[in-house]
Novice: 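For reference, the structure I am asking about is given below.
Just so you know, these numbers come straight off a predicted model, no measurement behind them. Numbering of ligands and ligand atoms starts at 1, following listing order.
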Amino acid sequence: MATRRKKTVRDVDVSGKRVLVRVDFNVPIQDGTVADDTRIRAALPTIRHLLEQNAKVILMSHLGRPTPENRDRFTMGPVAKRLETLLGKPVTKMDAVVGPEVDEAVAHMAPGDVLLLENTRFEPGEKKNDPELARRLAALADLYVNDAFGSAHRAHASTTGVKQVRPDLPAVAGFLMERELEMLGRVLSAPQRPFVVVLGGAKIADKIGVLRRLLQTADAILIGGGMANTFLKAKGLDVGRSLVDEEATDLARQLLEQAGDKLRLPVDVVVADRFAPDAEAHVVDVAHIPPDHMVVDIGPRTVQAFTDVLSSARTVFWNGPMGVFEFPRFAEGTFAIARVLAGLNQAITVVGGGDSAAAVRQAGLADRMTHVSTGGGASLEFLEGKTLPGVAVLDEIEEE
Ligand code: ADP
Ligand code: MG
């Protein structure tokens with residue numbers, strides 16, 4: 001049967017061409033240098049491939065949330081420097097996103113050159129998906145590549161506009177985008193069973209859609225982190241001063257009824273008397289959360305119960321830490337789950353979400369997962385079954 005998939009950089013001839021690549025270089029900057037270059041490294045395979053194929057590589061990304069007043073803190077300068085080190089070759093950094101200097105520099109590029117445009121969000125048209133900005137960007141390119149999965153849920157000029165204003169411009173996925181679509185696609189449409197989902201973190205509102213969607217396909221959903229508190233409260237338990245999404249308690253009650261035993265909640269938790277790394281803390285049964293305490297982690301019996309469910313899983317998707325892992329004393333539940341996933345050699349393990357990915361890296365276990373998604377919001381929207389605008393615009397190819 002013929003299936004359709006997105007075209008990738010492997011499917012096109014880029015030799016000698018001006019290739020405009022949307023990357024995700026939205027990295028943390030501290031004191032004028034890149035504090036964590038994971039995202040830059042993640043784009044290297046695509047950039048190196050294009051260079052090996054003799055393309056002229058024009059890179060663009062947004063960085064943070066610049067305003068006209070604080071622009072200096074969000075310039076691409078530090079990114080260009082780090083990229084030069086990682087690539088081992090010069091990177092020409094532009095002082096603008098579009099304009100005569102950019103046109104001029106691109107006109108003088110030779111195959112194998114790398115140019116980085118200034119922060120796309122320095123242009124007000126970026127977030128508005130302004131067709132005029134998109135046209136100026138498109139004019140730089142013979143071919144468009146999107147390797148910024150983490151920004152693909154946003155319809156901005158650099159993610160969707162370029163292709164929308166120039167439908168004839170070939171538009172393909174980079175390697176990172178390809179891998180994200182493949183791994184998350186497997187979780188969404190063809191999970192090997194048992195399929196177990198682990199959800200945690202802080203904001204229920206962001207995760208309700210994905211929870212609803214995965215309830216239809218998962219064999220079990222294990223809920224921890226701040227998210228569990230709202231469910232415990234919906235069951236009538238006293239959660240003291242814990243983080244609770246009051247607006248979501250009715251919804252949580254409905255989901256509990258609908259899901260039956262598919263949904264597993266913590267049976268014990270770590271409670272603290274304050275939100276602080278040195279708070280007084282101890283383990284209690286969920287029925288005995290002191291009214292003046294707050295839940296900060298799952299307890300050891302919960303870790304054991306979740307481990308039992310996970311041990312037979314063939315597909316696992318994990319989003320959201322099990323506790324306040326930023327404080328080492330309350331990271332145990334999160335790290336324990338990370339260790340369980342790392343030990344599942346027969347299973348596909350996919351981790352999504354910015355903080356979850358950070359926790360897995362902190363535990364030193366990122367390499368032991370099948371896939372750690374670079375997209376927070378994008379991975380959740382994808383798994384909700386939504387079409388990501390930045391993916392929708394990419395060209396497709398028919399495959400036998
Ligand atoms: P992700 O980025 O992986 O999608 P979230 O952003 O939803 O995850 O949630 C991560 C945050 O949730 C972390 O900062 C963590 O401290 C917080 N968190 C986890 N458990 C609790 C809890 N019980 N109470 C308060 N905050 C929590
Ligand atoms: Mg987060």
Novice: Just heavy atoms, cut-off under 4.0 Å: does Asp206 contact ligand 1 by side chain, backbone, both, or neither?
Specialist: neither
Novice: With heavy atoms only and a cut-off of under 4.0 Å, state how Asp355 meets ligand 1: side chain, backbone, both or neither.
Specialist: both
Novice: Using side-chain heavy atoms (C-beta onward) and a distance below 4.5 Å, is Gln254 in contact with Leu251?
Specialist: yes
Novice: Nearest protein heavy-atom contact for atom 23 (N) of ligand 1: which residue, which atom, what distance?
Specialist: Val295 O, 3.1 Å
Novice: Give the residue and atom name of whichever protein heavy atom lies nearest to atom 17 (C) of ligand 1, and the separation in Å to one decimal.
Specialist: Ala202 CB, 4.2 Å
Novice: Which ligand 1 atoms, with their elements, are less than 4.0 angstrom from a heavy-atom of Asn319?
Specialist: 4 (O)
Novice: In the protein, what heavy atom is nearest to atom 5 (P) of ligand 1, and what distance, to one decimal place, separates them?
Specialist: Lys207 NZ, 3.6 Å
Novice: May I ask you to list the atoms of ligand 1 that are less than 4.0 angstrom from any heavy atom of Gly225?
Specialist: 20 (N), 23 (N)
Novice: Considering only the protein, which heavy-atom contact is closest to atom 3 (O) of ligand 1, and what is its distance?
Specialist: Ser356 OG, 2.4 Å
Novice: Can you find an N or O of Ala357 that's nearer than 3.5 Å to an N or O of ligand 1?
Specialist: no
Novice: List the atom of Leu215, the atom of Lys262, and the distance in Å for their closest heavy-atom pair.
Specialist: O-NZ, 2.6 Å
Novice: Using a heavy-atom cut-off of under 4.0 Å, does the side chain or the backbone of Met294 touch ligand 1, or both, or neither?
Specialist: neither
Novice: Starting from atom 27 (C) of ligand 1, what is the nearest protein heavy atom, named by residue and atom, and what distance separates them?
Specialist: Val324 CG2, 3.7 Å
Novice: Is Gly323 in contact with ligand 1, taking contact as a heavy-atom separation below 4.0 Å?
Specialist: yes
Novice: Any donor-acceptor pair under 3.5 Å linking the side-chain atoms of Asp245 with those of Thr230?
Specialist: no
Novice: Do Ile223 and Phe317 share a hydrophobic cluster, counting only Ile, Leu, Val, Met, Phe, Trp and Tyr and linking them when any side-chain heavy atoms are less than 4.5 Å apart?
Specialist: yes
Novice: The Mg ion (ligand 2) is nearest to which N, O or S atom of Asp355?
Specialist: OD2
Novice: How close does the nearest protein non-hydrogen atom get to atom 21 (C) of ligand 1, and which residue and atom is it?
Specialist: Gly226 N, 3.3 Å
Novice: Between Lys93, Met60, Glu123, which is the residue that forms a side-chain contact (heavy atoms from CB on, under 4.5 Å) with Leu117?
Specialist: Met60
Novice: Tell me if the centroids of the rings in Phe122 and Phe74 come within less than 6.0 Å of each other.
Specialist: no
Novice: Please step through ring-ring contact (aromatic ring centres under 6.0 Å, His included) for the pair His156 and His62, ending with a clear verdict.
Specialist: CA-CA 10 Å; His156 292 172; His62 79 279; 7.4 Å; no
Novice: Any atoms of ligand 1 less than 4.0 Å from a non-hydrogen atom of Pro321? List them with their elements.
Specialist: 3 (O), 8 (O), 9 (O), 10 (C), 19 (C)
Novice: For atom 14 (O) of ligand 1, what is the closest protein heavy atom, and at what distance to 0.1 Å?
Specialist: Glu326 OE2, 2.4 Å
Novice: Applying salt bridge (charged side-chain N to carboxylate O under 4.0 Å, His left out) to Arg253 and Glu257, what does each step give before you reach the verdict?
Specialist: CA-CA 6 Å; Arg253 203 169 295 121; Glu257 275 167 29; over 6 Å; no
